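In this text the structure is predicted, and so the values were computed from the model without any measurement. Proteins get letters first, then strands, A, B, ... in listed order; numbering begins at 1 in each.
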Protein chains: 2
Amino acid sequence: MRFSKDIADLCKEHGLRLTGPRKVIMQVLAESTDHPDAVELHRRVSEISPGVAIATVYRTLSLLEEKGVLEKHTFGDGRARFETADQDHHDHLINVETGDVIEFRSDEIERLQDEIARQHGFDIVSHRLEIYVRPSKKVRKGTGKAP
Amino acid sequence: MRFSKDIADLCKEHGLRLTGPRKVIMQVLAESTDHPDAVELHRRVSEISPGVAIATVYRTLSLLEEKGVLEKHTFGDGRARFETADQDHHDHLINVETGDVIEFRSDEIERLQDEIARQHGFDIVSHRLEIYVRPSKKVRKGTGKAP
DNA sequence: TTAGCTGCAAATAGTTTGCCTGTAG
DNA sequence: CTACAGGCAAACTATTTGCAGCTAA
C-alpha cells in the first residue's frame, strides 16, 4: 500500500501529530501488500511495538479515512478493511478460495454505471464492484496456478 | 419481496417445519418492499407476534440463506440485509440521502464482469455492484422527485 | 414420540467511547 | 504549557450459541 507522500508530511498536511503509534501504524500500512482489517493490522503493529492499543489503531484508521487518506471497504465479512485513497480508482476481484484480493479497473464498466445512474435521475457519489471468483476449471497455460 | 412459491411449500421443499414464528417471519419478508436488516425485521415481526425472539429471526434467516431461498447483502453499514434469491439477478443503486435501495440490471455490465474474470483466469462465483448516488442536481422533468 | 424449533440469556466479534494520564509541537 | 493522543477497560452493536422446554409431523 503506497501513500501519496511521506508519513510525516501526511500528518503535517492534515494537522495530525506524528506520534510513535501513528508512525508504526502507517508504516505497517505502507508496507502491506494486502488489505488487512483492523485486528490484523493491530497484530502486525504489535510485533513492532507491543504497547499499541487496538483502540489507537481504530482511531488512527478512522482519522485517516476522515481526512481522505484511506478508504474503508467491507467485503461481506463484517470486518472493515482499508486501502490508500490517493491511487487511481479500481474495483476488486476476490478469490473465494484463497481470500486474495486482486485490483482491476474497467473504464467501460465505469461509463455504464454513470449511464445507469443518470437514467434514474441520480449522480454517482461512489460505487463498489466486487467480483467473487474461483480459479477457472479450464486448464489454460500461463495462469501460473498449478494445484 | 416475492418468494418463488407459497411459504408452506417452501418449507416443505427444504425440510423445514412450518412453525408459527417462521410463518410470521416469512410473511413479513414477503410483504417487505425494502431490504430490512435482521433487527428491523424482528421489529416488524414483533408487531404481529410479540413473543418471537430475535435469535429465531437470525436462525430463520441463515437457514433460508443456507437453503438458497434468501441472499445476504451488506451495504457497508455492518448490518446484513436480505432479499429473495429466486428472482432475476440485479444490482443496487443506493440513494445516500434517503437510504433507499433501487434495483437495476445491466446485461452489458454482467458481460464485462465475466470478461474481466476470464482474463484473470477465474470463473465468477458471484458479484456485487452497488452504486451510491444522490438525486441529480440538474432539474429534469419527469424524475418525480421534487424537493 | 421425537427431531427439529423456540425463547432466553449468556457468549462472541468487531468497533467505539469515557476517562484520565502522557507528550508533540 | 496545553490541546491533541494514547492506554485501558467498559460499553455498544450485530450476530451466534448453549440449554432446557415445546411442538409439528
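Atom P of nucleotide D:dG6 and atom CG of A:Leu61 are separated by 12 Å, given to the nearest angstrom. Between the CZ atom of B:Arg59 and the P atom of D:dA14 there is a distance of 19 Å, rounded to whole Å. Here D:dC4 presents its P atom at 12 Å from CG of A:Leu63, a figure rounded to the nearest Å. Distance B:Leu41 CG to D:dA14 P: 14 Å, rounded to the nearest Å.
By the salt bridge (charged side-chain N to carboxylate O under 4.0 Å, His left out) test, A:Arg79 pairs with A:Asp37, A:Asp77, sequence neighbours left out. Scanning for side chain to side chain donor-acceptor pair (under 3.5 Å) contacts around A:Tyr132 gives A:Glu130, with sequence neighbours left out. Annotation: side chain to side chain donor-acceptor pair (under 3.5 Å) contacts of A:Lys23 (sequence neighbours excluded): none.
Of the residues in residues 22-36 of chain B, none has a non-hydrogen atom less than 4.0 angstrom from any atom of DNA chain D. Scanning residues 5-14 of chain A for heavy-atom distances under 4.0 Å to DNA chain C yields an empty list.
For residues 108-117 of chain A, the salt bridge (Lys or Arg N to Asp or Glu O under 4.0 Å) pairs, not counting sequence neighbours, are A:Asp114-A:Arg118. Sequence neighbours left out, the pairs with a member in residues 48-74 of chain A that pass ring pair (Phe, Tyr, Trp, His ring centres under 6.0 Å) are A:His73-A:Phe75, A:His73-A:His92. Screening residues 5-21 of chain A for side-chain hydrogen bond (donor to acceptor under 3.5 Å, both in side chains) gives A:Lys5-A:Glu13 as the qualifying pairs, with residues at least two apart or on separate chains. Within the structure, salt bridge (Lys or Arg N to Asp or Glu O under 4.0 Å) pairs that include any residue of residues 42-54 of chain B comprise B:Asp34-B:Arg44, B:Glu40-B:Arg43, B:Glu40-B:Arg44 (at least two apart or interchain).
Overall bending of the helix from C:dT1-D:dA25 to C:dG25-D:dC1, expressed as the angle between end axes built from five pairs apiece, is 30° (10° steps).
The CG atom of B:Leu64 sits 7.5 Å away from atom CG of B:Leu29, with the distance rounded to the nearest 0.5 Å.
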Handout entry: Annotated protein contacts, base or backbone, on nucleotides 20-25 of chain D with a non-hydrogen cut-off under 4.0 Å, one of B, S, - each
Key = ---BBS
Between protein and nucleotides 10-16 of chain C, what N or O pairs are separated by less than 3.5 Å?
unit_1, atom_1, unit_2, atom_2, d
C:dT15, OP1, A:Ala80, N, 2.7
C:dT15, OP2, A:Tyr58, OH, 2.6
C:dT15, O5', A:Tyr58, OH, 3.2

